[in-house]
Amino acid sequence: MDKKLYSVAATFGNADDIILATGKIASAGYTNYDVNTPYPIHGMDDAMRLKPSKIGYFTITFGLTGTALILWLMYWVTTTDYPQVIGGKPFFALPAFIPITFEATVLLAAVGSALSLFIYFFKFPNNSHPLHDTEYMKSCSSDKYGIYVEAKDPLFDEVRIKALMHECGAENVYDVNYEEDFLTAKFEIFDKKFIGALIVLAIIVSASTYLHLNKLLYMTPFNWMMDQPKVSAQQKSTFFADGFGMRTPVEGTVARGNMPYAYKGQPDEAGKYLTNPLQNNDKNLALGKAKFLTFCSPCHGNTGMGDSRLNGQFPNGPTLHSDKVTNWPDGNLYHVITEGQNVMPGYFRQVTKDERWAIVLYLRTLQRALNAKEGDLK
Amino acid sequence: MSTIDYSVEERLVHGDRSLKQIDDAIVNPLDAKPNIKYILALGLTVTMLMIGAASLGWTFYKGIGVWGNNNPVGWAFDIVNFVFWIGIGHAGTLISAILFLFRQRWRNGIARFAEAMTIFAVMTALIFPIIHTGRPWVAAVYLLPYPNQHSVWVNFISPLLWDVFAVSTYFTVSFIFWYIGLIPDFATMRDRTTSKIKKVIFSVLSLGWRFSNRHWQHYEMLYLILAGLSTPLVLSVHTVVSFDFAVSVIPGWHTTIFPPYFVAGAIFSGFAMVQNALIVIRKIFEIEDLIPLKTLETMNKIILVTGTMVGYAYGMEFFIAWYSGNQLETFTFINRAFGPYAWAYWIMVSCNVLSPQFFWFKKLRTSIPFMFVIAVFVNVGMWFERFVIIVTSLSRDYLPSSWAYYRPTMFDFGLLIGSFGLFFTLVLLFAKNLPAISIAEIKSVSEGAQPSHHGESNHSANGTHGDGHNG
């Protein structure tokens, strides 16, 4: 490939020589030259006639930006977006904001100036600079002091520069070349390795996302404190002799509002003697509807037509609009809800007395709605 | 003393080494196989780390109920360890930034190492506030990005929030400072290494640094600026940590002496820790000549000064407790010294105030085994200082009916041991894998490194590069 001359470079053995050589190169009028030394040399900036670094302006700009931004944020939050009186202080409590303001200023100043150093002043990262991996660079990074003049300098004259270097006591003089096609090389997007890396990355990301969302989050201790040292319903207990976590009421006692049911196993008596104590009003109907939809509709359907949602996992509840049920007295309905009937379980544990009567009311309304008589339309 | 000629720089690097030999001395041990001392040390610290990891695992599984924290002692080992480790970090910034501004050249050999210790100490410290939230993975999910659908904002008036800002800024700035210092050394290692993998790693890390003087110029300026920023920053960090206590209304916490007292204590314990670690590291890696006894002696002097300041603060606290006439305050301090935690109080006083006083004697402060033991005492004492402040104040506050004695559990101790394990494991890995001594800085102060005086202009008046970035 075509090799082009990037620069002529020379290394020196001690700090005095490099200062001397730099002075000469600078006074000869070269501008595209640089000095490479393993550590900063005193007096080199003067020898190269460099102006003082301007990075301080970046620092102050970034720092003051930090101050302004954080003050604005705190002002907006505490007075506009989320005003709260805390500790009897005013919304905008400046003294209390000073620590954060200070930290934000320092943070932005430091991060901003470091980034501007790399990006603006150094144009880093730059690992493809022609000087890299040359003999010259390797000696400058260890124990030699180097200077080079770029070929693009208007006054560039290889012979003259080399002579000058030798005159100042150069230990080695190098030609630094670069390959033309290296600079013009393009990044191939369909490169096999690149595509391969993308695929591997995709697999890793999907697998870890899957494991995270579907497995990890359901394991203790990541499962939202599901595992707690307490006895919950249906759990075994090693504490109670009968091994049940759930407790039954102490024998011979009745909890408030839990009067025992008088017609156990006697549906006919229930039908005969029980009457609905609730008024037929909107409030009770709404309650009945809510309870019916929660507790009855899975098996009997939303309107009690027997259109169960259980997909055969349980015997379908029959329609509640049969003649039998329609002609039952309220007491019978109440009895079925309380005690259940054959495979249908009783609901006295989940549904209170009043709620049961409210369901009865609602059922009656449903039945009437389906078989509306002429007079109902009024 | 009076015969020192300050116009002549004291030799900092002992042993005559050419620049090349400095490279070799610092980089060769990194490429060499680890010696038996190193393996033993690493084995020990990793074991400690594992103890911590097991305790942490159990804490995660069962919840923080396995700790000894009770009501009213809601802050205990977790916060004690946090404050302790943040304090340790302060020495690093002091050495790398404040001593740099004061042109204390003896810092050059240890600055890099001390900065690394800062970073590791802050990392160790940060574990504790995070795990004491109970379910830190949720904290991670809900903190970043800050979920603000309900427009519920943090409380900018709370010292706990100031603390978040202070510690995270401190960590970030220390890291930048440390990394910028490492860049030229990464470049040196990039050009030296023969291993392909290392070459890639160091090329990436050095960002393509070319030792160009046009870069050195900005680089040194930035170094100075960062030192200038870090100096108030490091003072602010422990000040803000002390606000966590001082701004509350618990007797024994609510005092104005806390900020300076915490900062002095932080530097005190930090120097003790750096001194301990340096003694171990120079022994393991056999670099006694790069970290001379003189450096350690100077550090001991700082330990003496700050230890005495801490002692003064203890005295002043007692004085104010009496002088203020505040009954609660008086009670709290008498309770500290003679109550159920008297044992902790007297461990603190004897370790922090009495033990450093031995450093008045030159013979003692230049004896390595002796100074090592004293520094260990100092750290024990400083850990107990935080324990005394936090636990004694909480365990007996306003309501005698809710007083309770705090007893740590084995998991509390496990986490404490683990924090030391983590810190020293990181320190050892750092010392083995990265240049723990700044190659460029050491070169710049070695014999004949700077030009003799011809052509010297009014440079030293210009603070930025008069002395190189090495102070």
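Below, read A as the first sequence line, B as the second, and so on, with proteins coming before strands; counting in each chain starts at 1.
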Between A:Asp45, A:Asp34, A:Thr22, which is the residue that forms a side chain to side chain donor-acceptor pair (under 3.5 Å) with B:Asn213? A:Asp45
A side-chain contact here means heavy atoms from C-beta on lying under 4.5 Å apart; do [X] and [Y] qualify?
X        : Y        : answer
A:Asn126 : B:Leu207 : no
A:Phe118 : B:Ile180 : yes
B:Phe211 : A:Thr37  : no
A:Tyr145 : B:Leu19  : yes
A:Leu73  : B:Trp153 : yes
A:Phe102 : B:Pro232 : yes

Mark yes when over 12 heavy atoms from residues, nucleotides or ligands other than [X] sit less than 6.0 Å from its [atom1]; otherwise mark no.
X        : atom1 : result
A:Lys123 : NZ    : yes
A:Tyr75  : OH    : no
A:Leu216 : CG    : yes

In sequence, state the C-alpha distance, the side-chain angles, and the governing distance for B:Phe165 and A:Ile70, and then conclude on side chain to side chain contact (heavy atoms under 4.5 Å, CB included). CA-CA 11 Å; B:Phe165 274 85; A:Ile70 198 79; 4.0 Å; yes
I'd like to know if the side chain of B:Asp23 pairs up with that of A:Ser142 as donor and acceptor (distance under 3.5 Å, no hydrogens or angles considered). yes
Look at A:Ala109, A:Ser139, A:Pro99 and state which one has the largest set of heavy-atom pairs under 4.5 Å with chain B. A:Pro99
Select, from A:His132, A:Gln84, A:Lys138, the one with the greatest count of heavy-atom pairs under 4.5 Å involving chain B. A:His132
Indicate the atoms forming the closest heavy-atom contact of [X] with [Y], along with that distance.
X        : Y        : answer
B:Thr188 : A:Ser141 : OG1-O, 3.2 Å
A:Tyr33  : B:Arg214 : O-NH2, 2.6 Å
A:Val106 : B:Val173 : CG1-CG2, 4.2 Å
A:Ser113 : B:Leu222 : CB-CD1, 3.5 Å
A:Ala15  : B:Pro451 : CB-N, 3.7 Å
A:Thr220 : B:Tyr61  : CB-CE1, 3.6 Å

Just one of B:Thr172, B:Ile176, B:Leu233, B:Leu229 clears the side chain to side chain contact (heavy atoms under 4.5 Å, CB included) bar with A:Leu107, so which one? B:Thr172
Between the side chains of A:Asp133 and B:Arg190, is the shortest nitrogen-to-carboxylate-oxygen separation below 4.0 Å, so that they form an ion pair? no
Is the side chain of [X] donor-acceptor paired with the backbone N or O of [Y] at a distance under 3.5 Å, no angle test?
X        : Y        : answer
A:Asn36  : B:Arg210 : yes
A:Ser53  : B:Met221 : no
B:Gln217 : A:Lys51  : yes
A:Asn127 : B:Ser203 : yes
B:Trp162 : A:Glu103 : no

Intermediate values then yes/no, side chain to side chain contact (heavy atoms under 4.5 Å, CB included), B:Tyr219 and A:Phe121: CA-CA 9 Å; B:Tyr219 178 97; A:Phe121 288 99; over 6 Å; no
Ring-plane angle category for B:His218 and A:Phe122, please: parallel below 30°, perpendicular beyond 60°, tilted otherwise. tilted
Just how far is it from atom CD1 of B:Ile225 to atom OG1 of A:Thr59, taken to the nearest 0.5 Å? 3.5 Å
So, taking the atom named CE in A:Met137 and the one named OG in B:Ser212, what distance separates them when rounded to the nearest 0.5 Å? 8.5 Å
Under a 4.5 Å heavy-atom cut-off, does chain A meet the side chain of [X], its backbone, both or neither?
X        : result
B:Ile183 : side chain
B:Arg135 : side chain
B:Val247 : neither

Ring centroid separation A:Tyr39 to B:Trp216 under 6.0 Å: no
